[in-house]
Amino acid sequence: PIVKELLRLPVVRDTWESQRRLSELAQHNLLPPVLFLSGQKDELVPAEQMAQLFAIARRGGVKAVFHKVEDGKHNDTWCVGGEDYYMAIRDLLTRVIPTPEAVQKL
């Protein structure tokens with residue numbers, strides 16, 4: 001913990017205020033639908049933090065989806081998640097991107 005704090009000032013300038021920023025954006029309806037892909041063994045973004053961000057988004061009225069990858073770590077969730085990982089992405093995109101038929105009706 002002490003090393004993290006020592007490095008923060010000279011090296012890492014981002015304070016990762018994700019919860020505050022997400023809450024502000026949600027309050028002002030500035031977020032599109034969001035897919036939270038959470039590796040449950042992520043070493044950098046803990047699963048609990050991802051769940052908190054999801055909850056903030058939902059409370060703010062954001063159309064958010066949460067997808068867990070049980071054995072996913074920070075850099076391998078995409079491959080450990082297998083087909084379900086990509087299906088979660090596809091499902092969100094099919095809800096967000098209009099079909100050619102819907103575009104023609106505009």
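In this structure, the salt bridge (charged side-chain N to carboxylate O under 4.0 Å, His left out) partners of Lys41, at least two apart in sequence or on a different chain, are Asp71. Applying the salt bridge (charged side-chain N to carboxylate O under 4.0 Å, His left out) test to Asp76 and every residue at least two apart in sequence or in another chain returns nothing. For the side chain to side chain donor-acceptor pair (under 3.5 Å) test, residues two or more places apart in sequence or in another chain that qualify with Glu24 are Arg20.
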Check: Between Leu53 and Ser18, does a side chain to side chain contact (heavy atoms under 4.5 Å, CB included) hold up when you go through it step by step?
Finding: CA-CA 8 Å; Leu53 292 172; Ser18 303; 3.9 Å; yes
Margin query: Go through it in stages, so that I can follow the logic: the residues are Lys63 and Val34, the test is side chain to side chain contact (heavy atoms under 4.5 Å, CB included), and I'd like the CA-CA distance, side-chain angles, deciding distance and then a yes or no.
Written below: CA-CA 6 Å; Lys63 293 179 182 175; Val34 177; over 6 Å; no
Next item on the list: Determine, step by step, whether Asp91 and Arg95 satisfy the side chain to side chain contact (heavy atoms under 4.5 Å, CB included) criterion, reporting the C-alpha distance in whole Å, the side-chain angles of both residues, the deciding distance to 0.1 Å, and the verdict.
Entry: CA-CA 6 Å; Asp91 291 346; Arg95 281 190 257 152; 4.3 Å; yes
Checklist line | Worked verdict on Ile89 versus Leu35 for side chain to side chain contact (heavy atoms under 4.5 Å, CB included) | finding: CA-CA 7 Å; Ile89 295 169; Leu35 173 60; 3.8 Å; yes
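If you take NZ on Lys68 and CZ on Phe54, they are separated by 10.5 Å, rounding to the nearest 0.5 Å. For the atom pair OG (Ser23) and CD (Glu17), the distance works out to 12.0 Å, reported to the nearest 0.5 Å. With rounding to the nearest 0.5 Å, the separation of CD in Gln40 from NZ in Lys73 is 14.0 Å. Taken to the nearest 0.5 Å, the CZ atom of Phe66 stands 6.5 Å off from the CE atom of Met50. Residue Thr77 holds its OG1 atom at 6.0 Å from CG of Asp42, rounded to the nearest 0.5 Å. The CD1 atom of Ile56 sits 6.0 Å away from the CG atom of Leu22 when rounded to the nearest 0.5 Å.
Taking each heavy atom of Pro33 and Val96 in turn, the nearest pair found is CG-CG2, 3.6 Å. Gly39 approaches Ala47 most closely through the heavy-atom pair O-CB, 4.5 Å. Here the closest heavy-atom approach between residue Ala26 and residue Leu31 is recorded as N-CD1, 3.9 Å.
Environment of CD in Glu43: crowded, with over 12 heavy atoms of neighbouring residues, nucleotides or ligands closer than 6.0 Å.
Between Tyr85 and His67, the ring-plane angle classifies as perpendicular under the 30° and 60° cut-offs.
Under the 4.5 Å side-chain heavy-atom criterion for grouping Ile, Leu, Val, Met, Phe, Trp and Tyr, Val65 is connected to Tyr86 within one hydrophobic cluster. Hydrophobic clustering (ILVMFWY, side-chain heavy atoms < 4.5 Å, transitive): Leu37 and Ile97 are in one cluster. Under a hydrophobic clustering in which Ile, Leu, Val, Met, Phe, Trp and Tyr are joined whenever their side-chain heavy atoms come within less than 4.5 Å, directly or via other members, Val45 and Val69 fall into different clusters.
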